[in-house]
Amino acid sequence: MGSTEREKFMKLKNILLTIAAAILVGCTPVQPASQQQESAQNSTFKIGYSQFTAGIDPAKDWEGWYTIRFGIGETLFRLTKEFDVEPWLASSYKKIDDQTWEIHLKENITFSNGNPVNSDSVIASLKRVGENHKSGKIFKTATYTANDSLTFTVHTEKPSPQFIHELVDAKTAIVDVTSTDKIIGTGPYEVVEFKPNDSISLTASTHYWDGNASIKEVHYQLIPDQKTLELAIKSKEVDGGLDLNDDVADLLMKDSSVQVYNQPSTRTYHLELNKARLQDKKVRQAILHAINKQELTQDFLKGHVTPADGAFLDSSIYSSGTFANKQYQPELTTKLLAEAGYQTKNADGILVNAQNEPLQIVLKTYKRLAIEKIATALQQQFKQVGIDLKIDIQEKVDGLNQLDYDIALASALTLPTGDPHYFLNATLSSDGALNYVKNSDSWLDEKITTLAHEVDATKIRSEVTEIQDYAREEAVVDYIGFVNLHGAMNNYIHHFELSPSDFYHITNKLVKD
């Protein structure tokens, strides 16, 4: 271990020892000291996380993902591993028409502060999403009626036949709006202390509706350095780690005392091509035909990413079909670039136009999972066809907001609510939240709007295919592959799960020997 890694590791160890000491001080001394310490350790779960969040308010940005991941909040409905919608806080629903939905709540649910979860409190929480979340318009413009204490009706401003999927979205995690000092949800844990972009300490709720958790304290700690996170897991300074990169996952699989979780997910690595800078469609198409996804995912990424032809996993009904690497056609790349005016190469092997200007493309991305490896692999593949790819790596995704680049390389979930409209709208519509390059296309806008109001399952699949085929032909987006999510727990941790949607982590079923 190098000196820098050792320093990071010792700093982390001191932090976690401080946390453990604080927990022990709070324990009632009804056992001998050694037994008391062992009991406290067995009821405390420490987990390292290579990324973190600035907040845990589901009504802000993407913070709701962490509200649910940390076991603080829950939504009315949730996704199964088969991407079906099932009740969570709700017991059932009834679709009255394309604008009207009747929701029935489960009985005897309370927030972690003991306040009841009823029609009024749920309506207040959904209205709060509408007032505060940038993607919450549908909740802001809806009207709500409390039919009785456990039944309420939502009437959307416009027809929204897939509205039930909106109630799966993490931003709709139900919170107690009467709490002004911290986020109070319905989950198995409540917040003790939250440090933005650093850590969170949680304690088991004594009011959890589905049975109190056996592990009484949970602590998430940001450990951005993957090597430090690996050492912390092996030394048991933490009980487990999440958001591991491929190399660390491979190394930990060799350790018999560690259980590594590999969960195929709907999280994709995708490219967005900036039409404002790459105005020649032939150049955009040439770029996409230069990408050898089979080589990239299986050789460069050692099979940790499943190659993709479209936005949705083969296991979903919206799949584009089994991957066949048909898009990779370097000869077509050469032909298209020649037609675009790039016919000769300079001394460095880079194509130049008639003005002797090299074909230089700027790719901007950010530090997340295997993104940096993918960028490097693309750089090598593009060089083979005469494209000079410059890589600009930002610390966070917000760095993509400055549009001084040609291609964005990003990572996002494509089916977080089970509705394909979510991702296609977010990435391809003119005002989409994940349309980082701000492309605008009236045909796509119209088609995506049509998709939002479709109810027939066969027509939905057909429209999803049509939208993706058009985007592929216009060469505005491409999908490299789907991420295998990696987590690792020491073998004394049981019943931890990763989900394809990447929302659900901590539950009341978690056990520590």
Side-chain angles (χ1 to χ4, degrees), residues 47 49-51 62 64-71 73-88 162 164-173 187 240-246 249 253 259-270 293 297 301 303-323 368-371 410-427 434 457 460-461 464 468 479-489 495-507 509-510:
I47 188 164
Y49 215 162
S50 66
Q51 61 166 330
W62 308 103
W65 293 21
Y66 293 89
T67 313
I68 294 176
R69 287 170 177 171
F70 293 158
E74 299 161 324
T75 49
L76 294 173
F77 299 88
R78 61 177 287 166
L79 279 188
T80 68
K81 288 189 175 182
E82 292 72 37
F83 307 108
D84 296 321
V85 174
E86 67 176 7
W88 201 0
Q162 303 299 326
I164 207 67
H165 290 274
E166 295 282 350
L167 300 177
V168 173
D169 196 297
K171 66 176 176 283
T172 67
L242 291 175
D243 218 33
L244 306 178
N245 67 24
D246 301 339
M253 287 182 69
Q259 172 69 41
V260 177
Y261 298 80
N262 297 309
Q263 173 63 59
S265 76
T266 66
R267 180 173 291 281
T268 182
Y269 294 114
H270 68 278
K293 298 176 188 176
T297 59
L301 300 177
H304 288 290
V305 173
T306 302
D309 279 327
F312 305 106
L313 278 170
D314 286 352
S315 58
S316 82
I317 61 174
Y318 308 112
S319 167
S320 298
T322 304
F323 176 78
R368 182 80 165 89
L369 299 171
I371 278 183
S411 176
L413 295 174
T414 63
L415 274 177
T417 68
D419 180 8
H421 173 265
Y422 161 82
F423 182 75
L424 297 178
N425 178 62
T427 53
L434 300 178
I460 290 174
R461 290 196 293 272
V464 166
Q468 292 198 86
Y479 307 96
I480 300 297
F482 299 101
V483 179
N484 285 344
L485 302 175
H486 298 311
M489 299 291 146
H495 307 305
F496 179 85
E497 293 186 8
L498 291 176
S499 65
S501 60
D502 201 20
F503 279 172
Y504 315 114
H505 289 176
I506 297 296
T507 73
K509 310 300 183 187
L510 202 64

Visitor: Once you measure the plane-to-plane angle for W62 and W65, does it fall in the parallel (<30°), tilted (30-60°) or perpendicular (>60°) bin?
Guide: perpendicular

Visitor: About how many Å separate OG1 of T172 and CD1 of I68, when rounded to the nearest 0.5 Å?
Guide: 7.0 Å

Visitor: Rounded to the nearest 0.5 Å, what separation is found between the OG1 atom of T75 and the CZ atom of F503?
Guide: 8.0 Å

Visitor: Check whether T67 reaches the backbone of G73 with its side chain - one donor and one acceptor, N or O, closer than 3.5 Å.
Guide: no

Visitor: For a quick test of reading the model, state the closest non-hydrogen atom pair linking S501 to P416 and the distance between them.
Guide: CB-O, 4.5 Å

Visitor: Can you give me the closest heavy-atom contact between L301 and A370, atom names plus distance?
Guide: CD2-CB, 4.1 Å

Visitor: Applying side chain to side chain contact (heavy atoms under 4.5 Å, CB included) to F312 and I317, what does each step give before you reach the verdict?
Guide: CA-CA 8 Å; F312 305 106; I317 61 174; over 6 Å; no

Visitor: Do any N or O atoms from the side chain of E86 and from the backbone of T80 form a donor-acceptor pair under 3.5 angstrom?
Guide: no

Visitor: Rounded to the nearest 0.5 Å, how far does OH of Y269 lie from CZ of R368?
Guide: 7.5 Å

Visitor: Under 4.5 Å between any side-chain heavy atoms of L424 and V464, yes or no?
Guide: yes

Visitor: Show the nearest heavy-atom pair for residues I164 and F77, with the distance to one decimal.
Guide: CD1-CE1, 3.5 Å

Visitor: Is the gap between the ring centers of H486 and H304 under 6.0 Å?
Guide: yes

Visitor: Please state whether the rings of Y261 and F496 are parallel, tilted or perpendicular, taking 30° and 60° as the class boundaries.
Guide: perpendicular

Visitor: Of all residues at least two apart in sequence or in a different chain, which pass the side chain to side chain contact (heavy atoms under 4.5 Å, CB included) check with A412?
Guide: H270, F423, L434

Visitor: Looking only at heavy atoms, which two atoms of S411 and V483 are closest? And how far apart?
Guide: OG-CG2, 4.5 Å

Visitor: Answer yes if the side chains of D169 and T417 hold a donor-acceptor pair under 3.5 Å, and no otherwise.
Guide: no

Visitor: Just by distance, with hydrogens left out, do Q51 and D243 show a side-chain donor and acceptor under 3.5 Å apart?
Guide: yes

Visitor: One pair to check against side chain to side chain contact (heavy atoms under 4.5 Å, CB included): R69 and L242. What are the steps and the verdict?
Guide: CA-CA 11 Å; R69 287 170 177 171; L242 291 175; over 6 Å; no

Visitor: Shortest non-hydrogen contact from Y479 to D309?
Guide: CD1-O, 4.5 Å

Visitor: Under the side chain to side chain contact (heavy atoms under 4.5 Å, CB included) rule, what do L485 and N262 come out as? Steps first, then yes or no, please.
Guide: CA-CA 6 Å; L485 302 175; N262 297 309; over 6 Å; no

Visitor: Are the side chain of Y422 and the backbone of H165 linked by a donor-acceptor contact shorter than 3.5 Å?
Guide: no

Visitor: Side chain to side chain contact (heavy atoms under 4.5 Å, CB included) between S265 and D502: does it pass, once the steps are laid out?
Guide: CA-CA 7 Å; S265 76; D502 201 20; 5.6 Å; no

Visitor: So do V85 and L79 actually touch side chain to side chain, heavy atoms under 4.5 Å?
Guide: yes

Visitor: Return the minimal non-hydrogen interatomic distance between L244 and A488, and the atom names on each side.
Guide: CD1-CB, 3.6 Å

Visitor: Does any part of the side chain of I460, heavy atoms only, come nearer than 4.5 Å to the side chain of Q162, both counted from C-beta?
Guide: yes

Visitor: Regarding R78 and the six-membered ring of Y504, is the cationic atom NZ or CZ under 6.0 Å from the ring centre and inside 45° of its axis?
Guide: yes

Visitor: May I ask you to test the P500-F83 pair for a side-chain heavy-atom distance under 4.5 Å?
Guide: yes

Visitor: Look up atom CG in D314 and atom CZ in F482, then write down how far apart they are to the nearest 0.5 Å.
Guide: 7.5 Å

Visitor: Looking at side-chain heavy atoms only, is the closest gap between Q263 and E497 below 4.5 Å?
Guide: no

Visitor: Just verifying a value: how many Å separate K293 NZ and T306 OG1, rounded to the nearest 0.5 Å?
Guide: 13.0 Å

Visitor: Got a second to check how far R267's CZ is from L313's CG, nearest 0.5 Å?
Guide: 12.5 Å

